[in-house]
Amino acid sequence: MAISRRNLLKTGIAAGAAFSIPSVLRAQTAATEARTVRMSMSGIPSIFDPVITVSQTTTDHAAAIYDTLFALDSKFMPQPQMVGKWGASDDKKTYTFELRDGLGWHDGNSVTAADCVASIRRWGQVDPGGQLIMERASDISKKDDKTFTIALKEPLGLLPNLLANLLYVMREKDADKPATEAVTTNIGSGPFKFNQAAARPGASLTYDRNDKYLPRQEPVDGLAGGKVVKVDRVIWENIGDAQTAIAALQAGEIVFYLTPPADLFPAIESDPNLELQVLYKHGQDFFLRINCLQKPFDNLKARQAMLHLVDQKAFLQILSSNQKYTNTVTSFFGSGNPVSNDENTGWFKKGGDPEKAKQLFKEAGYAGEKVVILQPTDWSDASNTSQLLADALRKIGIDSELAPSDWSGLVARRSNKNAIENGGWSIFITSDTDFARGEPMTTSHLALNGEKAWYGWPQNDEYEALRAKWADVETVDERKALARKMQGIAWDYVPEVLLGQFTAPIARRKTLTGLIGMPDIVPMWNMEKA
């Protein structure tokens with residue numbers, strides 16, 4: 001799946017089911033408890049190294065204990081975080097970064113430029129944006145304890161944006177490990193310290209305020225600005241059962257629940273002490289991915305037919321019965337990004353246009369080929385929408401068939417490029433954050449580069465030529481113009497079709513305030529508990 005946050009959430013919940021609700025509410029002094037925030041996240045991470053995995057729990061853990069060179073503000077613009085002064089040479093080929101004063105590791109040592117260089121090199125082995133930097137870089141090296149440079153073979157205007165994407169700075173001796181070997185020390189320089197002694201593997205994790213952390217002076221803005229910690233301790237309680245989590249929330253045993261199921265929204269809304277809150281208002285975009293190598297979708301018009309067949313409202317009713325948390329989305333670049341636009345979206349029609357879809361399949365020369373939809377039975381959202389899709393295809397005369405399996409089975413089969421009769425496939429449904437759709441250089445399913453592309457292997461050289469320019473433009477206006485051209489091509493080519501947007505709310509006690517709404521991360525700084 002793409003960025004599979006929802007699936008990771010689900011996996012986390014499943015893993016947590018083995019544990020009972022915390023007998024948790026263990027004896028502590030009233031004073032300590034008053035400044036302790038207990039949260040039910042999306043499970044407990046089994047891997048703590050954000051280079052090894054970008055699962056939500058690991059990313060949330062990393063955001064708490066590590067710091068970043070740059071961070072995205074609420075408009076998704078990169079702002080200096082650990083970096084103080086920085087700039088580029090006149091030819092835009094050499095960037096120089098100076099760390100701000102007062103940065104220190106939790107073990108008492110100072111953060112150095114050597115730590116940053118090692119962290120960039122390790123992250124650059126696995127992150128798509130980091131890989132682009134490594135391809136363009138001729139040298140990355142420290143100049144003194146506080147200064148390092150990135151020398152490029154050619155200008156890379158996107159460099160600050162790329163450095164702001166999940167690059168957590170580690171100690172040099174940790175970052176020198178191979179990118180395939182997990183770092184387990186959990187010593188960062190961030191606003192929270194991981195309390196190893198208090199950890200209860202599989203049951204709870206504890207984070208203490210880093211008293212020596214010096215936040216930036218700017219007001220908090222998205223993930224940027226001052227990371228001011230306003231509580232003493234945060235404890236993640238692993239509560240696998242939703243009913244139990246809601247009961248704990250109502251009893252005040254926890255104050256935050258990341259993934260309340262929709263059928264429990266009424267219970268939350270009827271409790272005067274609780275509130276549902278959408279932190280990242282653009283949420284997840286669901287989409288169907290098309291295999292462009294196999295009939296009938298090796299034909300352009302058959303893919304365009306799918307664009308007209310989909311009735312987003314119908315799919316959204318399956319994703320959530322409460323329309324308050326759903327939206328239609330038509331831009332190839334999502335609805336909430338600076339580069340979202342309306343180019344070539346005339347295909348969108350309320351209720352879809354099945355007759356147009358039928359006509360296009362006919363023009364494609366459809367000859368009764370079977371369309372196999374991979375159906376992940378252990379992910380209800382994707383499973384149920386797969387059934388709706390199969391039904392919609394049958395209604396216009398397309399021979400569609402569901403291929404049920406768990407998600408692992410789907411993942412194994414989707415890499416098969418063979419014909420249907422040899423284990424291949426036609427379509428699967430997945431999701432990604434709306435934010436990710438705004439990043440064509442780092443979001444794998446936005447590439448249309450054939451054999452190198454994500455599953456479905458779309459190929460369009462004209463689009464790829466424009467995508468190659470993305471890394472080099474420097475202004476948002478230039479990216480907006482580029483995005484319009486790319487979207488025009490993408491919606492003619494149709495590598496995938498959007499099904500709609502689901503914005504899942506969190507549940508919290510009203511005494512917990514100051515939560516920051518950004519995609520992919522639940523920051524623990526700035527929040528307050530009354």
Side-chain angles (χ1 to χ4, degrees), residues 8-9 12-13 15-48 50 55-66 106 184-188 190-211 213 227-260 273-275 277 279 506-516 521-530:
L8 290 163
L9 291 182
I13 290 172
F19 303 98
S20 61
I21 182 163
S23 43
V24 274
L25 307 170
R26 19 194 158 301
Q28 294 205 20
T29 67
T32 300
E33 192 63 29
R35 289 182 59 82
T36 296
V37 171
R38 295 180 182 274
M39 309 172 74
S40 175
M41 305 294 278
S42 53
I44 297 290
S46 57
I47 298 172
F48 294 83
S55 72
Q56 176 147 13
T57 53
T58 301
T59 302
D60 288 336
H61 165 83
I65 71 166
Y66 295 113
H106 299 161
T184 58
T185 50
N186 291 307
I187 293 176
F192 283 89
K193 295 190 292 186
F194 183 62
N195 189 331
Q196 188 79 48
R200 300 174 65 227
S204 69
L205 299 180
T206 297
Y207 300 87
D208 294 330
R209 181 164 62 91
N210 177 10
D211 292 333
Y213 182 78
K227 296 180 178 178
V228 179
V229 177
K230 301 178 180 178
V231 297
D232 290 339
R233 173 171 285 186
V234 175
I235 300 176
W236 293 1
E237 303 286 4
N238 193 9
I239 307 175
D241 176 71
Q243 292 277 6
T244 305
I246 296 298
L249 192 67
Q250 291 173 321
E253 297 170 349
I254 61 173
V255 295
F256 177 96
Y257 180 27
L258 182 62
T259 57
N273 297 311
L274 306 184
E275 187 165 290
Q277 181 179 0
L279 292 181
I506 60 95
R508 64 174 173 85
R509 290 189 70 80
K510 291 179 179 176
T511 52
L512 183 70
T513 57
L515 296 169
I516 296 171
I521 293 173
V522 180
M524 299 195 297
W525 56 89
N526 200 59
M527 64 183 182
E528 295 182 79
K529 180 185 171 190

Problem set entry | Heavy-atom side-chain contact between I246 and Y257 under 4.5 Å | yes
Exercise. Is any side-chain heavy atom of I254 closer than 4.5 Å to a side-chain heavy atom of I239?
Worked result: yes
For this session: Please tell me if the side chains of T59 and P50 come closer than 4.5 Å, counting only heavy atoms from C-beta onward.
Result: no
Exercise. Would you say the side chain of V234 lies within less than 4.5 Å of the side chain of M39, judging by non-hydrogen atoms?
Worked result: yes
Problem set entry | Straight-line distance of R35 CZ to R209 CZ, nearest 0.5 Å | 6.0 Å
Problem set entry | Min side-chain heavy-atom separation Q56-I521 under 4.5 Å | no
For this session: Mind running side chain to side chain contact (heavy atoms under 4.5 Å, CB included) on W236 and I44 for me, showing each step along the way?
Result: CA-CA 8 Å; W236 293 1; I44 297 290; 4.1 Å; yes
Exercise. Hey, are the side chains of E33 and R38 touching, using non-hydrogen atoms and a 4.5 Å cut-off?
Worked result: yes
For this session: Check the surroundings of atom CD in Q243: do more than 12 heavy atoms from other residues, nucleotides or ligands lie under 6.0 Å from it?
Result: no
Exercise. Under a 4.0 Å N-O cut-off, is there an ion pair linking D208 with K193?
Worked result: no
Exercise. Would the W525 and F192 ring centres measure less than 6.0 Å apart?
Worked result: no
Problem set entry | From CA spacing to verdict: salt bridge (Lys or Arg N to Asp or Glu O under 4.0 Å), E275, R509 | CA-CA 6 Å; E275 187 165 290; R509 290 189 70 80; over 6 Å; no
For this session: Please name the residue in the list V231, T513, V37, T511 that meets the side-chain contact (heavy atoms from CB on, under 4.5 Å) test with E528.
Result: T513
Problem set entry | Student check: side-chain heavy atoms of S42 and L258 closer than 4.5 Å | yes
Problem set entry | Any donor-acceptor N/O pair, N238 side chain to S204 backbone, under 3.5 Å | no
Problem set entry | pair L205-P45: side-chain heavy atoms closer than 4.5 Å | yes
Exercise. Is the backbone N or O of L512 less than 3.5 Å from a side-chain atom of R508, with the two atoms forming a donor-acceptor pair by type?
Worked result: yes
Seminar exercise, completed: T57 and G43 have their tightest heavy-atom pair at CG2-O, 3.5 Å
For this session: Could you grab the distance from atom NZ of K227 to atom CG of N210, nearest 0.5 Å is fine?
Result: 11.5 Å
Seminar exercise, completed: Paired with Y207, the side-chain contact (heavy atoms from CB on, under 4.5 Å) test is passed by just one of I65, N195, D60, namely I65
Exercise. Aromatic ring centroids of F194 and H61 under 6.0 Å?
Worked result: yes
Problem set entry | N/O donor-acceptor pair under 3.5 Å between T58 side chain and I47 backbone | yes
Problem set entry | From CA spacing to verdict: side chain to side chain contact (heavy atoms under 4.5 Å, CB included), K510, L274 | CA-CA 5 Å; K510 291 179 179 176; L274 306 184; 6.0 Å; no
Problem set entry | Separation between CZ of F256 and CG of L515, rounded to the nearest 0.5 Å | 6.0 Å
